[in-house]
Amino acid sequence: AIPPETPKSIPAIALSDQISALAENDQVLVVLDYQAATSRELEALAAPLLEQLHNGGAQLAILTTQPSGLFLAQTLLAQAGLPEDTQVDYLPGSYLSLISQAVNPAISTNEDNLTQIEDLRSFKLVLLVSDSSDNIRGWLEQIAPWIGTLNFAAVTTQMEAPVLSPYFD
C-alpha cells in the first residue's frame, strides 16, 4: 500500500483528472492485457480506478486480450467491488482485431464482432491495463490516430512505464 502522503506522479494526476472529468453514463472501455505474473501489481493499481469509474456512474465495457484474462478479470472485478455478473469479453488478436473497425466502423457489423463493441467512437476513454509496452504502443499508434476524440490512458508495470513515457502527451 502506498502511504496517503506520497505525492502522485504527473501521469497519475493526469489520469485522475481524466477520470474526474467523465460524466455519469459516459462509456469507458477497459482493456485487460496482462499475464498472471504481473496481475498483483496491475490489479493493485487498476482496482481503485475501476471502483472510481463505477462509483462515478461510468458505463464500463471490459475486454481481455488474453485467454487467461477471463479468469484474472474476476479477481480484479472483485477487488474493485464491481458486480459478479459484470461481462468480460474476450478479444482474440489484441488491438489488431479492432484496426479495421477504427478505420471504418461501417465495414464491421455486429454479426462479425466477437464482442459487444460496435464502435470505438462511442467511448470517452479507453483504459489499457497491460504489462506490454508493445501492445499499449500498438493501441496508441494504430488505433488512436483514426479516432481523434477518444482519450487513451494506460496502467502498466513499473518495468514497462519508462518505455511508454514518450507517449504520455
Side-chain angles (χ1 to χ4, degrees), residues 1-4 6 8-9 11-95 97-98 101-102 110 113-133 135-136 138-140 143-144 147 149-161 164:
I2 298 173
T6 303
K8 289 185 177 179
S9 66
I13 292 169
L15 177 56
S16 180
D17 291 347
Q18 220 175 6
I19 289 174
S20 297
L22 292 171
E24 189 171 344
N25 292 322
D26 278 349
Q27 293 187 7
V28 176
L29 175 61
V30 179
V31 180
L32 307 177
D33 178 34
Y34 58 90
Q35 302 290 326
T38 56
S39 63
R40 287 189 60 139
E41 179 180 1
L42 288 173
E43 289 169 0
L45 296 168
L49 296 175
L50 293 181
E51 183 177 13
Q52 182 181 358
L53 287 164
H54 179 70
N55 292 341
Q59 301 299 312
L60 302 178
I62 303 174
L63 289 180
T64 180
T65 59
Q66 307 283 339
S68 61
L70 293 169
F71 303 104
L72 293 172
Q74 299 312 311
T75 304
L76 175 60
L77 297 176
Q79 289 178 29
L82 295 174
E84 283 184 28
D85 62 349
T86 301
Q87 183 172 340
V88 178
D89 287 329
Y90 172 57
L91 179 67
S94 187
Y95 66 91
S97 297
L98 295 175
Q101 187 180 29
N110 205 18
N113 293 337
L114 298 172
T115 68
Q116 299 298 315
I117 296 173
E118 294 181 27
D119 187 357
L120 290 172
R121 289 165 181 81
S122 65
F123 294 98
K124 296 286 184 183
L125 174 68
V126 173
L127 179 62
L128 305 166
V129 182
S130 179
D131 57 7
S132 169
S133 59
N135 286 349
I136 293 172
W139 278 87
L140 297 175
I143 294 183
I147 307 173
T149 60
L150 184 57
N151 291 317
F152 284 84
V155 175
T156 192
T157 63
Q158 289 293 321
M159 190 171 89
E160 296 294 319
L164 295 166

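All values reported here derive from a predicted model rather than from experimental measurement. Counting begins at 1 with the first residue of the sequence.
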* Give the C-alpha distance, both sets of side-chain angles, the deciding distance and a yes or no for side-chain contact (heavy atoms from CB on, under 4.5 Å) between Val126 and Ile147. => CA-CA 11 Å; Val126 173; Ile147 307 173; over 6 Å; no
* With side-chain contact (heavy atoms from CB on, under 4.5 Å) as the test, would you mind laying out the steps for Leu150 and Ile143 before giving the verdict? => CA-CA 10 Å; Leu150 184 57; Ile143 294 183; 5.6 Å; no
* To do: Kindly determine whether Val28 and Leu22 satisfy side-chain contact (heavy atoms from CB on, under 4.5 Å), including the steps that lead there.
  => CA-CA 9 Å; Val28 176; Leu22 292 171; 3.7 Å; yes
* Stepwise side-chain hydrogen bond (donor to acceptor under 3.5 Å, both in side chains) test for Glu41 and Gln158 -> CA-CA 9 Å; Glu41 179 180 1; Gln158 289 293 321; 4.8 Å; no
* Stepwise side-chain contact (heavy atoms from CB on, under 4.5 Å) test for Gln66 and Asp33 -> CA-CA 6 Å; Gln66 307 283 339; Asp33 178 34; 2.8 Å; yes
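The distance from atom CZ of Arg40 to atom CD of Gln79, rounded to the nearest 0.5 Å, is 9.0 Å. In this structure, OG1 in Thr65 is found 12.5 Å from CG in Asp89, a value given to the nearest 0.5 Å. Leu127 CG to Leu32 CG: the interatomic distance, rounded to the nearest 0.5 Å, is 8.5 Å. To the nearest 0.5 Å, atoms CG (Asp26) and CD1 (Ile19) are separated by 12.0 Å. The distance from atom CG of Leu77 to atom OG1 of Thr86, rounded to the nearest 0.5 Å, is 5.5 Å. For the atom pair CD1 (Ile136) and CD (Glu160), the distance works out to 7.5 Å, reported to the nearest 0.5 Å.
Summarising the geometry of Gln35 relative to Asp131, their closest heavy-atom pair is N-OD2, 3.0 Å, with the distance given to 0.1 Å. Of all the heavy atoms in Gln74 and Val88, the pair that sits closest is NE2-CG2, 4.2 Å. Closest non-hydrogen pair, Ala80 versus Ala47, comes out as CB-O, 3.5 Å. The minimum heavy-atom distance linking Thr156 with Ser130 is given by the pair OG1-O, 2.8 Å.
Inter-residue side-chain proximity for Trp139 and Val31 is flagged as met; some heavy-atom pair is nearer than 4.5 Å. Side-chain contact between Leu15 and Leu49 is present, with heavy atoms from C-beta onward closer than 4.5 Å. At least one side-chain heavy atom of Ser20 sits under 4.5 Å from a side-chain heavy atom of Gln52. Under the 4.5 Å side-chain criterion, counting only non-hydrogen atoms from C-beta, Leu50 is in contact with Val30.
For the side-chain contact (heavy atoms from CB on, under 4.5 Å) with Tyr34, the lone residue among Leu76, Leu128, Val155 that qualifies is Leu76.
Although no hydrogens or angles enter the test, the distance criterion places no donor-acceptor pair under 3.5 Å between the side chain of Ser16 and the main chain of Ile13.
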